[in-house]
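The structure under discussion appears below in the form of structure tokens.
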Amino acid sequence: MAGGQREQVTDAERSVLAVRNLAVPDRWSLGPGGVWPCRRPRSTRQRREGPLPPLLLARGPRLGAGLFHLWDVRQGLLQRCRRCLRLPEAELGEPVATVLVPHRLRCDPQRPGWATHVPGRVAGPLRGQWPHEKIPRWYVWWRLFELQDGRCARCWLPARMIDHDHRSGRVRGLLCHDCNSREGPYGAGKTVCVHEPPYCFEDYWANPPAAPFGWSWPPGSRHTPETFRHHRWPEITAP
């Protein structure tokens with residue numbers, strides 16, 4: 001859509017905005033300073049409704065060396081390449097989460113489906129809360145990944161990015177790429193829901209998974225930092 005696209009606000013959309021006590025724009029606009037409507041909720045596949053869809057997994061050779069392939073419980077192996085051992089599926093090992101497969105062992109690592117933005121972690125079980133004032137990024141990511149069962153806090157897709165409130169600095173949870181890219185414009189008022197509830201991010205903002213931990217994004221950090229902080233140190237809590 002063109003950056004200057006404009007549309008009329010319908011009477012039904014005006015009614016929804018009035019019920020939600022939101023300002024009614026003269027027109028919907030994609031231009032600078034404009035607001036654009038979200039007219040339908042996300043698909044059932046991506047909303048937290050209905051049965052839990054399976055996460056994408058990976059499988060490698062049961063014995064010996066070889067690369068891991070993306071694998072789905074419904075479709076089986078999703079690809080094979082010339083570099084890979086062409087093993088029958090029966091000779092492959094148990095499925096593992098894609099985040100646990102090192103980059104060097106991934107078949108076609110640029111293929112969508114492989115986990116990205118995943119920090120390395122220290123081996124062993126994770127403690128309930130980090131006991132020091134500064135919390136390493138790997139612990140924040142993996143602790144939330146564990147808490148959220150590997151899924152986005154907003155939908156059922158795989159968790160990828162650490163999200164935080166840009167005003168308070170509080171860490172909120174892990175989001176998928178899509179939800180992370182949508183949350184910023186939605187929070188800035190550049191997008192507004194005019195469909196039936198539930199709305200896009202209100203429930204997530206009201207009950208973010210990371211809230212009990214009390215973690216904060218360091219002030220002034222534009223990119224994901226290597227360490228986070230307890231915002232009420234030395235008082236720390238855990239879910």
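Just so it is clear, the structure is predicted and the values come from calculations on it, not from any experiment.
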> Are L174 and M161 connected in a single hydrophobic cluster, I mean Ile/Leu/Val/Met/Phe/Trp/Tyr linked by side-chain heavy atoms less than 4.5 Å apart?
Replying inline: no
Can you name the closest pair of heavy atoms from [X] and [Y] and give their distance?
| X | Y | answer |
| --- | --- | --- |
| C176 | C152 | N-SG, 3.3 Å |
| V140 | F228 | CG2-CD1, 3.7 Å |
| C38 | T191 | CB-CG2, 4.0 Å |
| R154 | C179 | CG-SG, 3.3 Å |
| H195 | Y199 | O-CE2, 3.1 Å |
| P95 | L57 | CB-CD1, 3.7 Å |

>> For W28 and V192: C-alpha separation, side-chain torsions, deciding distance, then whether side-chain contact (heavy atoms from CB on, under 4.5 Å) applies.
In response: CA-CA 10 Å; W28 300 120; V192 61; 3.5 Å; yes
> How about W36 and Q5: do any of their side-chain heavy atoms sit closer than 4.5 Å?
Replying inline: yes
>> If you define the side chain from C-beta out and look only at heavy atoms, does anything of L144 sit under 4.5 Å from V171?
In response: yes
>> With salt bridge (Lys or Arg N to Asp or Glu O under 4.0 Å) as the criterion, how do E133 and R232 come out once you've worked through the C-alpha distance, each side chain's angles and the decisive distance to 0.1 Å?
In response: CA-CA 9 Å; E133 181 180 6; R232 300 172 72 178; over 6 Å; no
Working to the nearest 0.5 angstrom, can you tell me the gap between [X] [atom1] and [Y] [atom2]?
| X | Y | atom1 | atom2 | value |
| --- | --- | --- | --- | --- |
| C155 | R182 | SG | CZ | 9.5 Å |
| H69 | T98 | NE2 | OG1 | 15.0 Å |
| Q148 | R151 | CD | CZ | 11.5 Å |

>> By the salt bridge (charged side-chain N to carboxylate O under 4.0 Å, His left out) test, which pairs, at least two apart or in different chains, include something from residues 155-168?
In response: D163-R172, D165-R167, D165-R172
> Residues two or more places apart in sequence or in another chain: which of them pass salt bridge (Lys or Arg N to Asp or Glu O under 4.0 Å) with R20?
Replying inline: E202
> salt bridge (Lys or Arg N to Asp or Glu O under 4.0 Å) with R59: which residues, sequence neighbours excluded?
Replying inline: E89
Pairing residues for [X] by the ring pair (Phe, Tyr, Trp, His ring centres under 6.0 Å) criterion, not counting sequence neighbours:
| X | result |
| --- | --- |
| Y204 | none |
| W141 | F145 |
| H231 | none |

>> side-chain contact (heavy atoms from CB on, under 4.5 Å) for L70 and D108? Distances and angles first, verdict last.
In response: CA-CA 9 Å; L70 292 173; D108 191 8; over 6 Å; no
> For S15, which residues count as a side-chain contact (heavy atoms from CB on, under 4.5 Å) partner, sequence neighbours excluded?
Replying inline: none
> Can you name the residues that form a side-chain contact (heavy atoms from CB on, under 4.5 Å) with S181, not counting sequence neighbours?
Replying inline: D178
> Are Y186 and W205 close enough that their ring centres sit under 6.0 Å apart?
Replying inline: yes
Donor-acceptor pair, distance only, cut-off 3.5 Å: does the side chain of [X] make one with the backbone of [Y]?
| X | Y | answer |
| --- | --- | --- |
| W142 | E146 | no |
| R27 | V9 | no |
| H177 | A159 | no |
| Y139 | L126 | no |

>> Please determine whether side-chain contact (heavy atoms from CB on, under 4.5 Å) holds for the pair I135 and H230, giving the CA-CA distance in whole Å, both sets of side-chain angles, and the decisive distance to 0.1 Å.
In response: CA-CA 8 Å; I135 313 111; H230 291 289; 3.7 Å; yes
Do any side-chain atoms of residues 207-219 form donor-acceptor pairs under 3.5 angstrom with protein atoms, and if so which ones, sequence neighbours left out?
unit_1, atom_1, unit_2, atom_2, d
W215, NE1, Q129, OE1, 3.1
W217, NE1, S221, O, 2.9

Going by side-chain hydrogen bond (donor to acceptor under 3.5 Å, both in side chains), name the residues that satisfy it together with [X], two or more places apart in sequence or in a different chain.
| X | result |
| --- | --- |
| T10 | E13 |
| H132 | none |
| R229 | none |

>> Under the criterion side-chain contact (heavy atoms from CB on, under 4.5 Å), I'd like the reasoning laid out for R106 against F68: C-alpha separation, chi angles, the key distance, then a yes or no.
In response: CA-CA 5 Å; R106 298 177 179 182; F68 282 74; 5.8 Å; no
>> I'd like to know if R62 and E91 make a salt bridge, using a cut-off of under 4.0 Å between side-chain N and carboxylate O.
In response: no
